[in-house]
Peer 1: 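Structure provided below as structure tokens; questions to follow.
Proteins get letters first, then strands, A, B, ... in listed order; numbering begins at 1 in each. Side chains are part of it too, since the values below use all heavy atoms of this structure and drop only hydrogens, waters and symmetry mates.
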2 protein chains.
Amino acid sequence: MLFDINADSHIPKYEQIVSQVIFGVAAGSAGPGEMLPGVREVALRHVINFNTVAKAYQELERQGVVIARQGRGMEVTAEAPAVCRTRRKEIVQNRIREALREAVYSALTAEEVRKLVEEELVRANGKRR
Amino acid sequence: MLFDINADSHIPKYEQIVSQVIFGVAAGSAGPGEMLPGVREVALRHVINFNTVAKAYQELERQGVVIARQGRGMEVTAEAPAVCRTRRKEIVQNRIREALREAVYSALTAEEVRKLVEEELVRANGKRR
DNA sequence: CATAGTATACTATGTGTCTGTTACACATGA
DNA sequence: TCATGTGTAACAGACACATAGTATACTATG
């Protein structure tokens with residue numbers, strides 16, 4: 001489970017972690033019974049504070065994606081895959097909606113917006129592993 | 001010149017105002033020599049503080065889009081249209097990039113992303129005046 | 001039993017955004 | 001001249017985010 005934390009984003013880091021765990025579970029990178037990486041490990045790797053990671057994990061527990069196993073770590077729940085597939089669509093939809101909201105307000109035509117989207121899809125797919 | 005301030009957005013209000021003025025000028029809603037609505041008027045209409053509007057206007061002056069006319073208001077500069085058309089594309093591109101960045105990370109296929117985009121384009125165009 | 005690893009809790013600090021308020025200098029029009 | 005409009009400035013307070021440090025409780029392992 002790898003993360004891609006963007007410090008320059010308007011989106012809070014803990015929220016980025018939350019979405020990315022959800023995306024990972026939805027995509028099957030982690031399944032029920034598996035443990036998430038420890039808060040300190042994640043914090044160290046991404047040069048952020050472990051409290052920030054802990055906040056993300058708490059939110060994930062609140063959403064029923066993981067359950068805290070005292071002294072062991074965060075375990076992916078049995079319901080997680082279903083929950084995450086639903087949440088994934090909602091999250092992506094909201095992000096796109098917010099971006100396009102301004103794009104359309106900007107008086108760019110739908111065609112110009114599609115062109116920008118295609119450019120970004122190519123760019124993103126190029127970087128994909 | 002109307003604004004559409006979203007208090008729930010991750011994007012700061014003053015930054016939303018900045019982009020929307022840029023979009024307005026780029027689209028020709030306001031041209032060189034015209035005055036922007038006063039900080040108090042905008043603040044009153046959108047139920048925000050006028051200091052927030054003032055911060056946005058200062059940023060616009062820094063970017064060369066407007067110039068402060070003491071005691072009169074903010075006047076759109078002669079170079080503004082060119083500046084704003086350039087900035088508009090950068091802004092929209094960045095917003096879409098940030099949204100799609102997560103969308104692709106989420107393991108949705110390009111096809112699924114296009115579908116979400118089209119849904120939002122329809123929704124946005126429906127609301128357009 | 002001791003040790004290491006885990007999440008959790010709490011306090012404190014700094015930064016950025018937004019608000020509310022007051023005051024000032026300048027321009028305009030009655 | 002005077003009232004009203006403009007942007008600008010300064011301040012204090014609230015809130016969210018992120019950081020930092022410390023302490024606690026639990027579990028697994030040897």
Peer 1: Paired with dG30(D) by Watson-Crick or G-U wobble geometry, both distances under 3.5 Å: which nucleotide is it?
Peer 2: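 When the pairing criteria are applied, dC1(C) turns out to be the nucleotide that pairs with dG30(D).
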Peer 1: Would you tell me if any nitrogen or oxygen in the side chain of Tyr14(A) comes within less than 4.0 Å of OP1 or OP2 on dC17(D)?
Peer 2: yes
Peer 1: Roughly, in whole Å, what's the span from CG in Leu44(A) to C1' in dG5(C)?
Peer 2: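 Rounded to whole Å, this separation is 14 Å.
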Peer 1: To the nearest angstrom, how far is Leu60(B) atom CG from dT8(D) atom P?
Peer 2: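 Rounded to whole Å, this separation is 11 Å.
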Peer 1: Does OP1 or OP2 of dT17(C) have a side-chain N or O of Thr52(B) closer than 4.0 Å?
Peer 2: no
Peer 1: Taking 4.0 Å as the cut-off, does a side-chain nitrogen or oxygen of Lys55(A) come that near to OP1 or OP2 on dA16(D)?
Peer 2: no
Peer 1: Measure the distance from CD on Gln16(B) to P on dT17(C) and round it to the nearest whole Å.
Peer 2: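 Distance, rounded to whole Å: 13 Å.
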Peer 1: If we ignore angles and hydrogens, is there a donor and acceptor under 3.5 Å between the side chains of Glu98(A) and His10(B)?
Peer 2: no
Peer 1: Without decimals, in angstroms, what is the distance between Ile11(B) CD1 and dA16(D) C1'?
Peer 2: 17 Å
Peer 1: Less than 4.5 Å apart, any side-chain heavy atom of Leu108(B) and any of Leu116(B)?
Peer 2: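 Leu108(B) vs Leu116(B): side chains touch.
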Peer 1: List the steps, then state whether salt bridge (Lys or Arg N to Asp or Glu O under 4.0 Å) holds for Glu118(B) with Lys115(B).
Peer 2: CA-CA 5 Å; Glu118(B) 286 305 321; Lys115(B) 196 174 151 200; over 6 Å; no
Peer 1: Nearest whole angstrom, please: distance from the P of dC17(D) to the CD of Glu59(A).
Peer 2: 11 Å
Peer 1: Should Glu34(B) and Glu75(B) count as side-chain neighbours, where that means a heavy-atom distance under 4.5 Å?
Peer 2: no
Peer 1: Measure the distance from CD1 on Ile67(B) to P on dA27(C) and round it to the nearest whole Å.
Peer 2: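 Distance, rounded to whole Å: 13 Å.
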Peer 1: Just how far, in rounded Å, is P of dA16(D) from NZ of Lys13(A)?
Peer 2: 19 Å
Peer 1: Can the positive tip of Arg40(B) be found less than 6.0 Å from the middle of the six-membered ring of Phe50(B), inside 45° of the ring normal?
Peer 2: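 Yes, cation above the ring, under 6.0 Å and within 45°.
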Peer 1: Strictly under 3.5 Å: I want the nitrogen or oxygen pairs between protein and nucleotides 6-10 of chain C, one per line.
Peer 2:
residue, atom, partner, partner atom, Å
dA7(C), OP1, Val39(A), N, 3.4
dA7(C), OP2, Val39(A), N, 3.3
dT8(C), OP1, Glu61(A), OE1, 3.4

Peer 1: Among Gln63(A), Glu90(A), Arg85(A), which residue satisfies the side-chain contact (heavy atoms from CB on, under 4.5 Å) criterion with Ile22(A)?
Peer 2: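 Of the listed residues Gln63(A), Glu90(A), Arg85(A), the side-chain contact (heavy atoms from CB on, under 4.5 Å) partner of Ile22(A) is Gln63(A).
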Peer 1: For residues Pro32(B) and Thr77(B), determine if any side-chain heavy atom of one lies less than 4.5 Å from a side-chain heavy atom of the other.
Peer 2: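 Sidechains of Thr77(B) and Pro32(B): no contact.
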Peer 1: Rounding to an integer number of Å, can you tell me how far Asp8(A) CG sits from dT15(C) P?
Peer 2: 18 Å
